[in-house]
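Computed from a prediction, not measured in an experiment: that's the story for all the values here. Convention: sequence-line order gives letters A, B, ...; per-chain numbering from 1.
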Amino acid sequence: MPPRKKARLTDKTASSDKTDNGKTASVAGKEEKAATSVGKNKEGSKSAGSAEYSHWLMKSEPESRFENGIDVKFGIEDLKGLPDQTSCWDGVRNYQARNFMRQMKEGQLAFFYHSNCKEPGIAGIIKIVKEAYVDHTQFDKKDVHFDATSKADNPKWSMVDVQYQRMMKRFLPLSELKKYHLQHCTSGGPLKDMALFTRARLSVQPLSSEEFDFILSLEDKEPL
DNA sequence: GCCAACGTTGGC
DNA sequence: GCCAACGTTGGC
């Protein structure tokens, strides 16, 4: 569901980010707890703070769909076609998804997932090129994702910038990932806890390195 | 277009 | 703080 984009990048207003994160953290305290406990189990839950993930999956809709007369279509081909093949990932309006975006670090990789379409699945790989900053669309009355409850002095929503890296060598359909997931639920394989299946509707989700690597390995296999 | 899953809201 | 009603996501 997330973004509908217009290649709008890095503005100077982004300098207020850190303070924003600090302030809103207390506002959204409950949700943060939920999200961190969710993201706890896998890699590096060593430090008392948040679990450290370094790989992600981000959903977007590659087919036209109109929300208040605005087309929310944004597939990987759209990202690829933008200047510098880079875009902000605006429009996320779910606290868990937002909190995961706030954990993202520059240089980390994410799968670009096509949702709500003929063939849902993983289409390619993107890279986080700018860490979380204020999502300006929450203040824009014309925007599909305008949020009247968010105040300029304490913004609720964040976004990151992502850059196209490459297409998958072959498209990895949801149906195939699901087969592995089910298989792994009995066999104990790497996809048994994959958020795509255990956390319905979450549009930005973490992957363990094992999950990420396993999915990458599917590129060179025959479709299941 | 249906509807299951699940997050959010608001009354109490 | 509980929980029913409601809204959204997203596969099918």
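- You'll find that the side chain of Pro120(A) is closest to dG11(C), out of dG10(C), dT8(B), dG11(C).
- Contacts classified as salt bridge (charged side-chain N to carboxylate O under 4.0 Å, His left out) and involving residues 115-127 of chain A (residues at least two apart or in different chains) are not found.
- Atom P of nucleotide dG10(C) and atom CD of Glu61(A) are separated by 7 Å, given to the nearest angstrom.
- Using a 4.0 Å cutoff on non-hydrogen atoms, the parts of residues 173-181 of chain A near DNA chain C are Leu174(A), Lys178(A), ordered by number.
- Side-chain N/O atoms of Lys59(A) include one lying less than 4.0 angstrom from OP1 or OP2 on dG10(C).
- Atom CG of Asn68(A) and atom C1' of dT8(C) are 13 Å apart (whole Å).
- Rounded to an integer number of Å, the gap from Leu202(A) CG to dG7(B) P is 8 Å.
- When the C1' atom of dG10(C) is taken as reference, atom CZ of Arg65(A) falls 9 Å away, rounded to whole Å.
- The CE atom of Met194(A) sits 12 Å away from the P atom of dG11(C) (whole-angstrom rounding).
- A salt bridge links Arg65(A) with Glu67(A); the closest basic N to acidic carboxylate O contact falls under 4.0 Å.
- One N or O on the side chain of Thr186(A) and one on the backbone of Gln183(A) form a donor-acceptor pair closer than 3.5 Å.
- Remark: Asn116(A) engages Glu61(A) in a side chain to side chain donor-acceptor pair (under 3.5 Å) (not counting sequence neighbours).
- Annotation: salt bridge (charged side-chain N to carboxylate O under 4.0 Å, His left out) contacts involving residues 176-190 of chain A, sequence neighbours excluded, comprise Arg170(A)-Glu176(A).
- Between Ser115(A) and Pro120(A), every side-chain heavy-atom pair lies at or beyond the 4.5 Å cut-off.
- For Tyr113(A) and dT9(C), the OH to C1' distance is 11 Å, given to the nearest whole Å.
- Checked by atom type, the side-chain pair Asp161(A)/Trp89(A) shows no donor-acceptor distance below 3.5 Å.
- A donor-acceptor contact under 3.5 angstrom links the side chains of Trp56(A) and Gln108(A), judged on distance only.
- From one end of the helix from dG1(B)-dC12(C) to dC12(B)-dG1(C) to the other, with five pairs defining each end axis, the axis direction shifts by 10° (rounded to 10°).
- For the residue pair Arg93(A)/Gln138(A), the side-chain donor-acceptor check at 3.5 Å is not satisfied.
- Computed from coordinates, the Arg98(A) CZ to dG7(B) P distance equals 15 Å when rounded to whole Å.
- A salt bridge is absent between Lys105(A) and Glu52(A): the closest approach of a Lys/Arg side-chain nitrogen to an acidic carboxylate oxygen does not fall below 4.0 angstrom.
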Nucleotides 4-6 of chain B: which of its N/O atoms have a protein N/O under 3.5 Å away?
from: dC6(B); atom 1: O4'; to: Arg201(A); atom 2: NE; distance (Å): 3.4
from: dC6(B); atom 1: O2; to: Arg201(A); atom 2: NH2; distance (Å): 2.3

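- If you check the side chains of Arg98(A) and Ser158(A), you find no donor sitting under 3.5 Å from an acceptor.
- For the pair Phe74(A) CZ and dT9(C) P, the computed distance is 17 Å after rounding to whole Å.
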